[in-house]
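The figures here come from the full heavy-atom set of this structure, side chains too, leaving out hydrogens, waters and symmetry mates. Sequential numbering from 1 along the given sequence is applied to the chain's residues.
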Amino acid sequence: MVLTPPMTMMDFFRYSQGVWFSQRTVHRFDSLENESGESNLIIKVLEPDDPRVIEVCQAQGVDAGLAKGGASFGWQDNLEEKEPNPNYAAILVDIPNDQNPRLGNFLRNRGYVEGIPVVSAYQFADDGVLTIKTEYDRNQGQERCWFVTDNFRVRVSTVKMMNGVNLMTYSSERRCVSSDFINELIEQNRLRSSTS
């Protein structure tokens, strides 16, 4: 279980680093069609001096000195072995609030709903639930994400068009772990059961 959830965006990025198996369901309110799918979500932490962090800041007219770092997000089909398509990738840059690091904004070189540069506002609740709000040109998005355990997290989002809520998504994401990590867990459980 997660004993101490991440409470700053950079901690959240660091905690999320790695490959996640994501199962997603999308409910569209303007039609009777629902979608579901599976993909890999690949997250890598970027330090403040990473050229991609600086480039996103410059493109949006923000002083790169305010950035605490960022993360790259890439998606690929679950069983695909080649590198993720850069057209389905995004760079996020963390600009926390000076007074309260649980609040802030992050810059995206590409939004999830509209593929344009965008600024999102974020806030961590006392229980570690991350809420992200994004204003696009024609849409509003809200996403919530939280860790259930160290290796399992949930994301829920809504997109509101000018005529109301258009879609909702639910994603459950499991961290892909190495064989060594699994063997280590098995050994820990074996030792725990032998001492009880």
* Where S72 and I91 come nearest, the two heavy atoms and their spacing -> CB-CD1, 3.6 Å
* Can you tell me how far CD of E38 sits from OG of S172, rounded to the nearest 0.5 angstrom? -> 9.0 Å
* To do: Answer yes or no: are there more than 12 heavy-atom neighbours, outside E55 itself, under 6.0 Å from its atom CD?
  => no
* Structure fact -> For I132 and S120, the nearest pair of non-hydrogen atoms, with its separation, is CG2-CB, 3.7 Å
* Asked: So, for A90 and W75, which heavy atoms are closest and what is the spacing to 0.1 Å?
  -> N-CZ3, 4.3 Å
* V119 reachable from L103 in the ILVMFWY side-chain graph, under 4.5 Å edges -> no
* **Sub-4.5 Å side-chain heavy-atom contact between F124 and V129** => no
* **Aromatic W146 / basic R153 pairing, under 6.0 angstrom, 45° off normal** => no
* For the student: nearest non-hydrogen atoms of R108 and Q60, plus distance -> O-NE2, 2.9 Å
* Is the number of heavy atoms from other residues, nucleotides or ligands within 6.0 Å of CZ (R24) greater than 12? -> no
* **Closest non-hydrogen atom pair, V53 against G70** => CG2-N, 4.2 Å
* Worked verdict on F152 versus F147 for ring-ring contact (aromatic ring centres under 6.0 Å, His included) -> CA-CA 6 Å; F152 184 77; F147 286 90; 9.8 Å; no
* Modelled atom types, side-chain donor and acceptor of S157 and T169, under 3.5 Å -> yes
* Using modelled atom types only, decide if a donor and an acceptor are shared between the side chain of D94 and the backbone of M9 within a distance under 3.5 Å. => no
* **Aromatic ring pairing F106/Y122, orientation class (parallel under 30°, perpendicular over 60°, tilted between)** => parallel
* side chain to side chain contact (heavy atoms under 4.5 Å, CB included) between N189 and E187, worked out -> CA-CA 5 Å; N189 286 333; E187 181 62 17; over 6 Å; no
* Asked: Do the side-chain N and O atoms of S22 and E173 include a donor-acceptor pair separated by under 3.5 angstrom?
  -> yes
* Asked: When hydrophobic residues are tied together by side-chain contacts of less than 4.5 Å, even through go-betweens, does M10 share a cluster with L130?
  -> yes
* In terms of side-chain geometry, is the basic nitrogen of R28 or E35 positioned less than 4.0 Å from the acidic oxygen of its partner? -> yes
* Candidate pair F21 and N40, rule side chain to side chain contact (heavy atoms under 4.5 Å, CB included), full reasoning -> CA-CA 5 Å; F21 172 65; N40 289 338; 4.2 Å; yes
* Evaluation steps, side chain to side chain contact (heavy atoms under 4.5 Å, CB included), between T131 and E143 -> CA-CA 6 Å; T131 300; E143 179 175 331; over 6 Å; no
* Under 4.5 Å between side-chain heavy atoms, hopping through other hydrophobics if needed: is there a path connecting V62 to V118? -> no
* Asked: So does D126 pair up with R102, basic N to acidic O under 4.0 Å?
  -> yes
* Identify the heavy atoms of P48 and I54 that sit nearest to each other, and give their distance. => O-CG1, 4.0 Å
